[in-house]
Protein chains: 2
Amino acid sequence: MRLTTKGRYAVTAMLDLALHSDNGPVSLADISLRQGISLSYLEQLFAKLRKQTLVSSVRGPGGGYRLSRANDQIFVAQIVDAVNESVDATGCKGKNDCQSGTTCLTHHLWCDLSDQIHDFLSQISLAQLVSRKDVRLVAQRQENEQLVHAGEIDQSSKINAELLN
Amino acid sequence: MRLTTKGRYAVTAMLDLALHSDNGPVSLADISLRQGISLSYLEQLFAKLRKQTLVSSVRGPGGGYRLSRANDQIFVAQIVDAVNESVDATGCKGKNDCQSGTTCLTHHLWCDLSDQIHDFLSQISLAQLVSRKDVRLVAQRQENEQLVHAGEIDQSSKINAELLN
DNA sequence: TATTTAACCAAGTACTTTACTAGGTTATTT
DNA sequence: AAATAACCTAGTAAAGTACTTGGTTAAATA
């Protein structure tokens, strides 16, 4: 199966998007800062998410990304599928040619497992994640951290603004 | 999560072992031929399986490997765990330090998924796999192929034996 | 007792993927 | 016109996978 940091990053970024979609589009720079994912890597991931029409983009200043559907219509499995080729525990992508053209001994086992994982992740929407206590807690912490960082800049700029008067 | 060809190979090899354990220990050379896995790679995998006491070895001619427990006491999850470090969908191995020392937004989601996968694979024993129709079918095919290959040698050696009389 | 067998062991390597960097161009707002 | 942020391409260090090579050791067989 293909479920690595790549898929985790994609889901984390999409959840960040879902959490901050109140005030217009969210820039990848913001997500990068909050979630600690490199901006350029996010760009590559969002290119794939856009191709699968999970997000839509707005260019220019104040631009960024928006979910292309409602919270409860985007599921974790779709996000993971978008950035990896597939959520698939078999080595042959279900083609039954695992062992030099023929079915390998454990082919069906991995098919069953793939279904299991896919079913599980297909049932979890971004809306569900947004409403989870543990998610809200982490999101809160991240917003506080962001305020502290932004606060330092804001304070100095406020001071500068006062000095100018 | 860490569920790649490595784990698949290990489970396939262990299932082969379970299927052919009637007539004494099974050599890795046999498993290599039947399952199309390189002998040296199998040696590396079985070194780990032996460390986890899933198999025991018999050296010398006629030697090979045996399951160290009954069929129904060895589970797929144990095999996968033995060759990889862990069956773990989180990036931090459950240590909650996914995002530079702190918990990432989706940490709990991946914990849930890990549990899900582990539960699923913990319930499937080698005995269960051995009794599956699809497994028996593939095993039958592989044994036929082996007989064809061995048959060529056996036939010529039988002819040779007859000529000697 | 010599030979064969097969486990056991160590080092290295081609290949792939991941996560990221660098260095752009294009569209849109201010 | 300048700034912003999406969009795009190429390259790369690090890690893991699957495998090869070339041994050594223990046990059965001839």
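Chain letters run A, B, ... following the sequence lines, proteins first and then strands; every chain starts at 1. Reckoned from all heavy atoms, side chains included, excluding hydrogens, waters and symmetry mates.
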Could you check how far NZ of A/Lys48 sits from P of D/dA6, rounded to whole Å? 18 Å
Is the side chain of B/Thr106 donor-acceptor paired with the backbone N or O of B/Leu109 at a distance under 3.5 Å, no angle test? no
Between the side chain of A/His20 and the main-chain N/O of A/Asp16, is any donor-acceptor distance below 3.5 Å? yes
5' to 3', nucleotides 20-30 of chain D under a 4.0 Å protein heavy-atom cut-off (B base, S sugar-phosphate only, - none) gives BB---BSBB--
Rounded to the nearest angstrom, tell me the gap between atom NZ in A/Lys6 and atom P in D/dG16. 17 Å
Distance, rounded to the nearest Å, where A/Leu42 contributes CG and C/dT21 contributes C1': 14 Å
Taking side chain to side chain contact (heavy atoms under 4.5 Å, CB included) as the test, write out the residues that go with B/Leu39, two or more places apart. B/Leu28, B/Ser32, B/Glu43
Using whole Å, what does the distance between atom P of nucleotide C/dA6 and atom CG of B/Leu33 come to? 11 Å
Applying side chain to side chain contact (heavy atoms under 4.5 Å, CB included), can you list everything that pairs with A/Val135, at least two apart in sequence or on another chain? A/Leu15, A/Leu19, A/Arg132, B/Leu105
Rounded to whole Å, the CG-P distance (A/Leu28 to D/dT4) equals 16 Å
Qualifying residues under side chain to side chain contact (heavy atoms under 4.5 Å, CB included), relative to B/Phe75, sequence neighbours excluded: B/Gln78, B/Ser125
Please report the distance, rounded to the nearest Å, between CG in B/Leu45 and P in C/dC9. 15 Å
Side-chain N,O (B/Ser57) to OP1/OP2 (C/dC8) below 4.0 Å: yes
C/dC8 C1' sits how many Å from B/Leu49 CG, rounded? 14 Å
Just call it for B/Tyr9: base, sugar-phosphate, or nothing, with non-hydrogen atoms closer than 4.0 Å on any strand. sugar-phosphate
Closest to the side chain of B/Ser27, out of D/dC8, D/dA5, C/dA6, is C/dA6
Rounded distance in Å - OH (A/Tyr65) to C1' (C/dA27): 13 Å
Exercise answer: donor-acceptor pairs, residues 51-64 of chain A side-chain atoms, under 3.5 Å, sequence neighbours excluded:
none

Check side chain to side chain contact (heavy atoms under 4.5 Å, CB included) between A/Ser38 and all other residues, then give those that pass, not counting sequence neighbours. A/Ser40, A/Tyr41
